[in-house]
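To keep things clear, I will list the structure first and then write my remarks on it.
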Amino acid sequence: MTKKIRVRFAPSPTGGLHLGGVRTVLFNYLFAKQNGGDFIVRIEDTDQTRFVEGAEAYIFETLKWCGIVPDESPMHGGPFAPYRQSERKANYRQYAEQLVIDGYAYYAFDTPADLEAMRTEYKTAENPSPQYNHTLRDKMRNSLTLTADEVATLLAAGTPYVIRIKMPVNETVSFNDMIRGEVNFNTSQVDDKVLLKGDGMPTYHLAVVVDDYLMKISHAFRGEEWLPSAPVHLLLWDYLGWKNEMPEWAHLPLILKPDGNGKLSKRDGDRLGFPVFASDWTDPKTNETTIGFKERGFLPEAFVNLLAMLGWNDGTDQEIFTMDELIAKFSMDRVHKGGAKFDYEKAKWYNHEWIKRKSAKELELSIQKYFAEAGITVTDDALLAKAIDLVKDRCTLLSDFVQQASFFFQLPEQIDIAAVKPKWDEKKNMFFAELIRAYELSSVWEATDLETEFKELAAANQLKPGELMLPLRIMLVGGKFGPGVFEIAATIGRHETITRIKKVMGLLHS
RNA sequence: GGCCGGUUCGUCUAUCGGUUAGGACAGCCCCCUUUCACGGGGCAAAGACGGGUUCGAUUCCCGUACCGGCUACCA
């Protein structure tokens with residue numbers, strides 16, 4: 001019988017969740033759901049200095065928006081609670097101490113000043129960043145260089161210390177990465193990582209192994225930036241005697257900045273004018289808000305879709321996927337090895353596609369919010385639905401609806417009078433005066449009839465409809481945009497149409 | 001510097017040794033549209049480089065270059 005699939009997303013609550021983070025969640029989630037497994041969220045808050053108030057709640061709101069529901073988490077509970085590492089603090093020490101007893105780790109009493117001194121002393125051109133490793137540990141203050149009595153005395157005196165892993169010399173550690181295949185490391189190249197910090201908290205290295213073991217995680221997916229420390233984790237699984245229960249690993253490729261090189265950061269978004277976080281994040285310290293995809297006008301379906309396609313595809317030309325399709329089709333072995341540059345234009349295209357696929361009913365609620373923010377009150381739901389259907393093809397972001405459809409609900413705020421005034425003459429003025437009379441008397445108020453009447457009247461006045469339609473458009477919408485003019489007239493109604501025509505005629509006269 | 005990873009159009013990518021190297025975004029052109037879009041059609045655009053292996057390499061191997069990640073009592 002095979003092991004129950006259990007995966008985890010293990011974020012640190014240090015700020016907003018960015019694209020790479022959400023994609024990691026997504027791939028974890030897709031894999032779990034595809035295999036009928038569990039998706040766990042574990043909060044890795046072992047660094048108290050970096051803890052940010054509100055970041056954890058933000059993570060769960062973001063997941064909810066994306067349609068990702070954890071099976072177990074600090075919010076949702078579960079059989080392996082608690083799911084916050086700070087609340088699991090008591091768990092870790094015993095394992096670190098066991099490692100010391102077994103000779104796989106040691107106490108180190110070096111102060112930050114000692115470490116800095118070591119780094120400056122051994123720094124050379126060839127080795128700009130000396131590591132606390134097998135070549136240097138003999139020169140430091142630790143339970144390897146001190147006598148047992150000295151160590152006991154220091155410990156009894158309450159001297160601050162950390163526990164470091166004792167990396168073996170010149171051994172090869174290898175593992176099979178689901179994306180990259182076999183990856184090998186020489187243990188001499190990796191330093192003696194701190195496992196248990198001076199404050200009694202574990203570092204990521206210890207905590208991730210202990211918790212993945214305790215929580216029976218079957219597959220561990222994380223960003224590529226973790227690859228270099230993988231040998232530490234592998235060794236820990238071994239030293240702790242859990243080798244047979246070690247999860248399968250996959251290191252996901254990075255999401256890169258669109259221009260230049262390097263990992264995508266919040267700064268790139270600020271610099272280039274696009275969101276990087278899933279939703280708005282306000283830093284509680286600076287009170288500075290960073291815009292998110294959600295608030296910028298992205299549909300969660302589009303956000304999930306575009307993230308999934310960053311580094312994965314199903315081998316066909318299909319680009320639009322629902323969450324259910326992704327769950328059915330996702331496969332880790334089709335995930336790319338190389339990082340992908342984030343392209344905001346393409347991201348917007350996904351959103352546009354999703355907007356086109358959604359019904360007015362489905363879009364209504366979120367669009368209402370943008371109108372409200374813009375100070376436009378929409379009371380008529382039927383009118384809103386009609387307006388959405390009319391303009392959604394030309395909206396890339398949900399926020400675009402304000403610009404594209406506000407004239408359905410209020411008089412145009414700006415009227416591009418310059419577009420008509422130069423060619424405005426008495427004949428046109430007469431035509432519109434007659435049009436008002438005709439429209440006042442129309443028995444029906446349908447776009448096709450309005451168009452017919454308009455054209456017949458134009459012909460009677462020996463005017464080309466083409467010269468008159470732009471003025472009509474300016475009168476009704478204020479600018480050179482929007483759906484068909486007669487559709488608009490039909491939608492806003494007789495009274496509103498006539499009012500607007502009159503108003504602009506007045507403007508043209510003065 | 002060291003270690004690890006990566007490398008197909010500007011960008012995201014397809015290709016399980018044999019293809020005119022396909023699609024999408026962006027760009028450009030045309031059609032549709034008496035607005036702006038949508039839509040339809042078209043153009044342009046790629047295997048980092050050098051060696052092997054092979055009848056044949058984008059694909060397999062090696063080297064070089066370039067890019068990235070890591071090199072904290074951060075994750």
Side-chain angles (χ1 to χ4, degrees), chain A residues 10-14 44-47 49-50 108 110-112 115 119 123-133 160-164 177 179-180 183-186 188-191 193-205 207-208 222-231 251 253-254 256 258-263 306 309-320 336-350 352-353 356 391-396 400 404 416 419 455 464-470 472-474 477 479-485 488:
Chain A
S12 292
T14 54
E44 310 230 332
D45 54 351
T46 53
D47 184 359
T49 63
R50 294 214 309 160
D110 316 277
T111 64
L115 293 173
R119 290 191 182 107
K123 185 173 175 174
T124 61
E126 298 79 46
N127 183 13
S129 47
Q131 296 185 37
Y132 201 123
N133 63 9
Y161 67 93
V162 300
I163 293 179
R164 287 179 180 271
D177 185 282
I179 295 170
R180 287 150 215 284
V183 184
N184 300 296
F185 297 89
N186 185 308
S188 293
Q189 300 296 337
V190 351
D191 61 328
K193 294 271 185 236
V194 169
L195 264 19
L196 197 74
K197 297 188 269 192
D199 63 1
M201 276 287 195
T203 58
Y204 172 83
H205 307 293
V208 75
R222 60 194 349 180
E224 189 184 339
E225 69 270 25
W226 289 109
L227 211 39
S229 50
H251 291 86
L254 266 15
L256 277 13
D259 60 340
N261 299 302
K263 220 165 32 159
L306 73 92
M309 302 310 284
L310 236 36
W312 175 85
N313 70 84
D314 75 340
T316 73
D317 287 341
Q318 184 175 348
E319 296 194 86
I320 304 299
H336 269 228
K337 297 186 180 79
K341 285 186 180 177
F342 176 68
D343 181 1
Y344 187 53
E345 291 305 318
K346 185 87 185 217
K348 285 194 289 190
W349 175 80
Y350 278 106
H352 191 22
E353 289 301 310
K356 286 193 283 182
V391 306
K392 70 177 185 180
D393 279 356
R394 55 203 85 206
C395 293
T396 300
D400 292 341
Q404 289 293 330
D416 185 5
K455 287 185 172 167
K464 286 186 211 141
E467 294 172 33
L468 300 164
M469 283 172 73
L470 183 65
L472 212 219
R473 170 174 297 281
I474 300 294
V477 324
K480 290 188 251 184
F481 65 95
V485 255
I488 294 169

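It should be emphasised that the depicted structure is a prediction, and the values quoted were computed from it without experimental measurement. Naming convention: chains lettered A, B, ... in sequence-line order (proteins, then strands); numbering from 1 in each chain. Hydrogens, waters and symmetry mates play no part in the numbers below; they use all other heavy atoms, side chains included.
- Straight-line distance between the C1' atoms of B:G27 and B:C16: roughly 33 Å, to the nearest whole Å.
- B:C12 atom P lies 13 Å from atom CG of A:Leu254, rounded to whole Å.
- Contact annotation for A:Ser12: backbone-only contact, meaning every heavy-atom pair under 4.0 Å involves sugar-phosphate atoms and none involves a base.
- Per the geometry, OH belonging to A:Tyr350 stands 16 Å off P belonging to B:G23, to the nearest Å.
- Its glycosidic angle being more than 90° from 0, B:C32 falls on the anti side.
- Computed from coordinates, the A:Gln318 CD to B:G23 C1' distance equals 13 Å when rounded to whole Å.
- Among the protein residues, A:Lys263 comes within range of the sugar-phosphate backbone only, with heavy atoms under 4.0 Å from sugar or phosphate atoms but none that close to a base.
- Here B:G69 is the nucleotide among B:C73, B:G69, B:G1 with the atom lying nearest to any side-chain atom of A:Pro228.
- Among the nucleotides B:U35, B:C74, B:G1, the one closest to the side chain of A:Ser129 is B:G1.
- For B:C30 and B:A21, the C1' atoms lie 27 Å apart once the distance is rounded to whole Å.
- Comparing B:C12, B:G1, B:A75 by their closest approach to the side chain of A:Lys346 singles out B:C12.
- Here the nucleotide nearest the side chain of A:Val183, chosen from B:U35, B:U34, B:C4, is B:C4.
- Here the nucleotide nearest the side chain of A:Lys341, chosen from B:U11, B:C36, B:G22, is B:U11.
- Across all strands shown, B:G5 forms a Watson-Crick or G-U wobble pair with B:C67, both key distances being under 3.5 Å.
- For A:Lys356, taking side-chain heavy atoms from C-beta onward, the closest of the listed nucleotides B:A75, B:C4, B:G39 is B:G39.
- Put simply, A:Thr46 has a side-chain N or O that comes within less than 4.0 Å of OP1 or OP2 on B:A75.
- Considering only the side chain of A:Asp343, B:U11 comes nearest among B:U11, B:A75, B:C3.
- Spacing of P atoms, B:U53 relative to B:U20, comes out at 26 Å, to the nearest Å.
- In this structure, A:Arg164 satisfies the cation-pi test against A:Tyr132, with its NZ or CZ atom closer than 6.0 Å to the six-membered ring centre and inside 45 degrees of the ring normal.
- In this model, the phosphate group of B:C36 is not approached by any side-chain N or O of A:Arg473 to a distance below 4.0 Å at OP1 or OP2.
- Side chain of A:Lys193, nearest nucleotide from B:G68, B:C25, B:U71: B:U71.
- Counting to the nearest Å, the P atom of B:C4 and the CG atom of A:Leu227 are 10 Å from each other.
- Summarising the geometry, the separation between CG on A:Leu256 and C1' on B:C12 is reported as 12 Å, rounded to the nearest angstrom.
- Whole-Å rounding puts the A:Trp226 CH2 to B:A75 P distance at 7 Å.
- Within 4.0 Å (heavy atoms only), A:Met309 reaches sugar-phosphate atoms of the nucleic acid but no base atom.
- With distances taken from any side-chain atom of A:Arg119 to the nucleotides B:A14, B:C73, B:U71, the minimum falls on B:C73.
- At B:A26, none of the side-chain N or O atoms of A:His352 fall inside 4.0 Å of OP1 or OP2 (strictly under the cut-off).
- The base-pairing partner of B:C60, taking Watson-Crick or G-U wobble contacts with both distances under 3.5 Å, is B:G52.
- With B:A24, B:C74, B:C70 as the choices, the nucleotide that has an atom nearest any side-chain atom of A:Trp349 turns out to be B:A24.
- For B:A14, one of the phosphate oxygens OP1 or OP2 lies less than 4.0 angstrom from a side-chain nitrogen or oxygen of A:Asn313.
- Look at CG on A:Asn261: it is 9 Å from C1' on B:C66, rounded to the nearest Å.
- Atom name P, nucleotides B:C25 and B:C38: the rounded distance is 11 Å, in whole Å.
- Rounded to whole Å, atom P of B:C73 lies 10 Å from atom NZ of A:Lys197.
- Below 30°, between 30° and 60°, or above 60°: for A:His205 and A:Trp226 the angle between ring planes is above 60°, a perpendicular geometry.
- Summarising the base pairing, B:C43 is matched to B:G27 through a Watson-Crick or G-U wobble pair whose two defining distances lie under 3.5 Å.
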